[in-house]
Visitor: 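The following block contains the structure, expressed as structure tokens.
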Amino acid sequence: MNKKVLTMAVAALMGLTTVAGVSAEEVANKDKPLVWFNRQPSNSSTGELDMAALTYNENTYYVGFDANQGAELQGTMVKDYIEANIDSIDRNGDGVIGYVLAIGDIGHNDSIARTRGVRKALGTGVDKDGDIDSDPIGTNTDGTASAVQDGTLEINGTTYTVRELASQEMKNSAGATWDAATAGNAIGTWSSSFGDAIDVVVSNNDGMGMSMFNAWSKDNNVPTFGYDANSDAVAAIAEGYGGTISQHADVQAYLTLRVLRNALDGVDIDTGIGTADDAGNVLSSDVYVYNEEQRSYYALNVAVTADNYQDFTDSTKIYDPVSVQLDESAHPVKKIWLNIYNASDNFLSSTYQPLLQNYDDILNLEVDYIGGDGQTESNITNRLGNPGQYDAFAINMVKTDNAASYTSLLDQ
Ligand code: BGC
């Protein structure tokens, strides 16, 4: 028996996974494939990418979606709705179209982009250091807040004022961000003091949006807009939810696992992405972009409104063009450690993780899913006690600055 065959036989006996005779324990952790997803390693104050984390080793990538393209779509969706419904939208007839905004996480690039996108489309943004200010304003019923301004919309020859009446980061007392329950409480507070001035509700995501819709806006017929196209939000469009944005989670979940599969197979990273794999899986260029310099794959977004929501009713359905099972003899089973930063995050738990679970079978990956508490990195890193057992890692940080909390465990 030669050495390679012997290694494979021993590894097989030990129950370890192998490719070309290499077991998880033979590769140094620091050299194993690593994908960051959903929270891009970056400075939470400036947004600057953390290139050290993104280039941790030659098989490191980020998978997310195009935050600016999506944010612009969200802003335009809200503006289009106002224009189409101008005759009935101003509920108290004061000539001011008032909206409230639920902010997810003031240090998260996706959240910042969405706040800016809405303010830009509605004309309520003000400049700060060359970009639209994304700070929450608290309440602004009199229009005097400095982080926003009153916007104007010209519709059918009439000029209307648009005002951001209130906005707040939805963070709970334990520190979890994008917190749906906090948003439900906020709309309660806002509506009891200036409810008749609220004509539109906007949220950085559907988790918070649906919480506000269920707590208040549904009963008061106030259109509410979110982001993510979670199944419950899409279904609510039939009951008056204004609309949402699909960030193509089906494509993102695929890419998250696919880049690991490719690195483990030792094939070109484009396999099954821009180039068909041996099973015929391939993505077309209208659903994602790859930015090589940033080592990042970004899925493209699609607006979901009353016009097209029937096509988006199941957010956990895998994407047809990349749905063919890989052959296990050519793509043997590999073990992946993957964490979700907050097990209670609506989008990640109701949309993203179910999609990952569908794709892991197709890609012959055995994934251990670790759910965090959304508050501290250590709650998650404590459960990466034995990285040597895994072939690759998929990481969703609590805070985008904290990549080193994970890579330091792989360095050892
Ligand atoms: C999603 C949010 C989610 C957040 C978590 C965003 O991309 O739109 O719904 O809470 O990611 O990091």
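If you read the sequence from its start, that first residue is 1, and numbering goes on from there. Order of appearance sets the numbers: ligands from 1, and atoms from 1 within every ligand.
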Visitor: If you measure every N or O of Arg39 against every N or O of ligand 1, does any of those distances drop under 3.5 Å?
Guide: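 N/O-N/O distance below 3.5 Å exists for this pair.
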Visitor: Between Tyr406 and Phe393, does the ring centre distance come in under 6.0 Å?
Guide: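 No, the ring of Tyr406 stays outside the 6.0 Å limit from the ring of Phe393, centre to centre.
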Visitor: So Asn57 and Thr60, side chain to side chain donor-acceptor pair (under 3.5 Å) or not? Walk me through it.
Guide: CA-CA 6 Å; Asn57 62 31; Thr60 301; 2.8 Å; yes
Visitor: Which ligand 1 atoms are under 4.0 Å away from a heavy-atom of Asp345?
Guide: 3 (C), 5 (C), 10 (O)
Visitor: Applying side chain to side chain donor-acceptor pair (under 3.5 Å) to Thr316 and Asp314, what does each step give before you reach the verdict?
Guide: CA-CA 5 Å; Thr316 66; Asp314 181 2; 2.7 Å; yes
Visitor: Within the distance-only criterion (no hydrogens, no angle test), does the side chain of Asp199 pair as donor or acceptor with the backbone N or O of Gly98 below 3.5 angstrom?
Guide: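 At least one qualifying donor-acceptor pair exists.
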Visitor: Heavy-atom contacts with Tyr341 under 4.0 Å: which atoms of ligand 1 show up? List them by number with element.
Guide: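 Close to Tyr341: 5 (C), 12 (O).
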Visitor: Quick check on contacts: which atoms of ligand 1 are under 4.0 angstrom from a heavy atom of Asp110?
Guide: 6 (C), 7 (O)
Visitor: Would you please classify the geometry between the Tyr290 ring and the Tyr61 ring as parallel, tilted or perpendicular, with 30° and 60° separating the classes?
Guide: tilted
Visitor: What atoms of ligand 1 come closer than 4.0 angstrom to any heavy atom of Phe65?
Guide: 7 (O)
Visitor: Atom CD of residue position Glu72 - does it have more than 12 heavy atoms of other residues, nucleotides or ligands inside 6.0 Å?
Guide: no
Visitor: Say whether Asn204, considering both its backbone and side-chain N or O atoms, lies within less than 3.5 Å of an N or O atom on ligand 1.
Guide: no
Visitor: Under a 4.0 angstrom heavy-atom cut-off, which atoms of ligand 1 come close to Trp178?
Guide: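 Within the 4.0 Å cut-off of Trp178, ligand 1 contributes 2 (C), 4 (C), 10 (O).
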Visitor: Any donor and acceptor pair, going by atom type alone, linking the side chain of Thr139 with main-chain N or O of Thr141 inside 3.5 Å?
Guide: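 Pair absent, no side-chain N/O of Thr139 close to backbone of Thr141.
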Visitor: Numbering the atoms of ligand 1 from 1, which are under 4.0 Å from a heavy atom of Asp228?
Guide: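 It comes down to these atoms of ligand 1: 1 (C), 2 (C), 8 (O), 9 (O).
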Visitor: Around atom 12 (O) of ligand 1, find the nearest protein heavy atom and jot down its residue, atom name and distance.
Guide: Asn38 OD1, 2.5 Å
